[in-house]
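Reviewing the structure listed below.
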Amino acid sequence: MRIECQHRDEHSCRFVLSGALPSFANSVRRAMAAEVPKLAIDSVGIYDNTSGLYDEMLAHRLGLVPLRTEEGTYVPIRECTCEGQGCDRCTVSYTLSVEGPGMVWSRDLIPNDPEAAPASGDIPIVKLEKGQKVVIEARAILSTGKEHAKWQPTTVCGYKNYPRVSIDAHCDGCGACVDACPRRVLHLVGRKVEVDGERLEDCSLCRLCDKACLATGIGENSAILVGSEPDRFIFTVESDGAIPAPEILRQSISIIRARGEELSRALSEIAEG
Amino acid sequence: MAASYKCARCKQRVEIDVNVRCPFCGHRILFKERGAGIKELKAQ
């Protein structure tokens, strides 16, 4: 099994996973979306709210603000020694106190731990008119996307099979397929159609080229063969800013490994009787 | 305990006994005041 990284920065990551089963590719995707823990606001104490939004709506909007999460800094509240009371090891507190007129931004959330500040300060929460006021205390905890989507560290997280496009020898080079392809994967070289190696990964397997070729009256079989490699996957992962995208991948792999080790230990215990 | 209201016109504090009417200015639109406690909510 191999992972080739094609692009990576803090916000997004694109890589090719090869030599893996579709079930493994899917488990990587699911682990990235639903198993990697991150911080999100879970409970909100509202002291004052004279804004146009209901308290519940305001609390919901605060819950969706991505908060920077450093791995290992906090523990899930269920595993904490405070037994769900909320302490410095499992909970981050935020205060928000803004008076109108003006917009309340996510940067107005003041954390007790500066490392756990909102990933972006430019998220609008509520607009206040003159004399309106919002005074809130919020508590964030660590959890996973399995519990609620606000704990999902990824925004985009998906994969597709690696495309395989080949041109058959009976191609007459009419160029109908080149015009039909919306992703411009094919191009004409003289009187010959060729696959553009750099753009092959953009192919969405729509088969419009295949249909265009058959429509020219070439015969029973199209001159273009469009398929995909069953054991090679192109992944695209985008982070909401809480955890860098390559870090999400790294953490998801260690989660899968830990799960595998746990399963193998359980199985060997059963085998030993 | 009777809830506290505020008159929409004269902004005086009003308590409703029989009629929904401000005893100071006679206005009939009253706003319910927010309670003094902290409202605890789940953010979801």
Side-chain angles (χ1 to χ4, degrees), chain A residues 38-67 77 84-86 91-97 106 109 111 118 123 125-126 131-152, chain B:
Chain A
K38 86 165 208 193
L39 285 170
I41 290 174
D42 187 47
S43 59
V44 175
I46 300 182
Y47 289 82
D48 198 4
N49 172 25
T50 48
S51 74
L53 287 187
Y54 297 126
D55 296 351
E56 287 78 3
M57 186 81 112
L58 210 53
H60 173 64
R61 287 182 69 79
L62 288 171
L64 297 174
V65 173
L67 308 169
I77 197 159
Q85 296 295 305
T91 311
V92 193
S93 301
Y94 296 82
T95 52
L96 182 134
S97 178
S106 55
L109 274 168
I123 302 165
I125 292 166
V126 61
Q132 292 184 336
K133 200 176 171 189
V134 174
V135 183
I136 285 171
E137 186 193 59
R139 286 163 300 278
I141 61 166
L142 200 68
S143 191
T144 58
K146 271 197 292 190
E147 197 171 335
H148 191 280
K150 66 184 173 182
W151 281 295
Q152 223 170 269
Chain B
M1 203 180 87
S4 170
Y5 293 82
K6 194 171 163 184
C7 175
R9 189 160 66 186
C10 70
K11 317 283 188 238
Q12 291 268 22
R13 278 182 162 245
V14 177
E15 287 216 346
I16 296 176
D17 42 14
V18 185
N19 298 318
V20 180
R21 184 183 281 273
C22 173
F24 305 99
C25 70
H27 202 59
R28 301 195 72 167
I29 297 171
L30 306 176
F31 291 126
K32 191 171 177 179
E33 293 265 82
R34 193 186 179 92
I38 308 162
K39 188 164 166 189
E40 287 290 338
L41 288 172
K42 283 298 254 187
Q44 43 188 274

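Here the structure is a predicted model, which is why all the values come from computation and not from measurement. All heavy atoms count here, side chains included; hydrogens, waters and symmetry mates do not. Lettering follows sequence order; numbering is per chain, from 1.
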Fill in the blank from the handout: Ordered numerically, the heavy-atom neighbours of chain B under 4.5 Å found in residues 133-147 of chain A are A:Arg139
Exercise for the section: Identify the residues of residues 55-66 of chain A whose heavy atoms come closer than 4.5 Å to a heavy atom of chain B, ordered by number, or report 'none'. Expected result: A:Asp55, A:Glu56, A:Ala59, A:His60, A:Gly63
Handout entry: More than 12 heavy atoms of other groups within 6.0 Å of B:Arg9 CZ
Key = yes
Exercise for the section: Count the heavy atoms of every other residue, nucleotide or ligand shown that sit under 6.0 Å from CZ of B:Phe24, and state whether that count exceeds 12. Expected result: yes
Completion exercise
Ordered numerically, the heavy-atom neighbours of chain A under 4.5 Å found in residues 33-44 of chain B are B:Arg34, B:Gly37, B:Ile38, B:Lys39, B:Glu40, B:Leu41, B:Lys42, B:Ala43, B:Gln44
Fill in the blank from the handout: Residues at least two apart in sequence or cross-chain that pass side chain to side chain donor-acceptor pair (under 3.5 Å) with A:Ser51, listed by chain then number, are A:Asn49
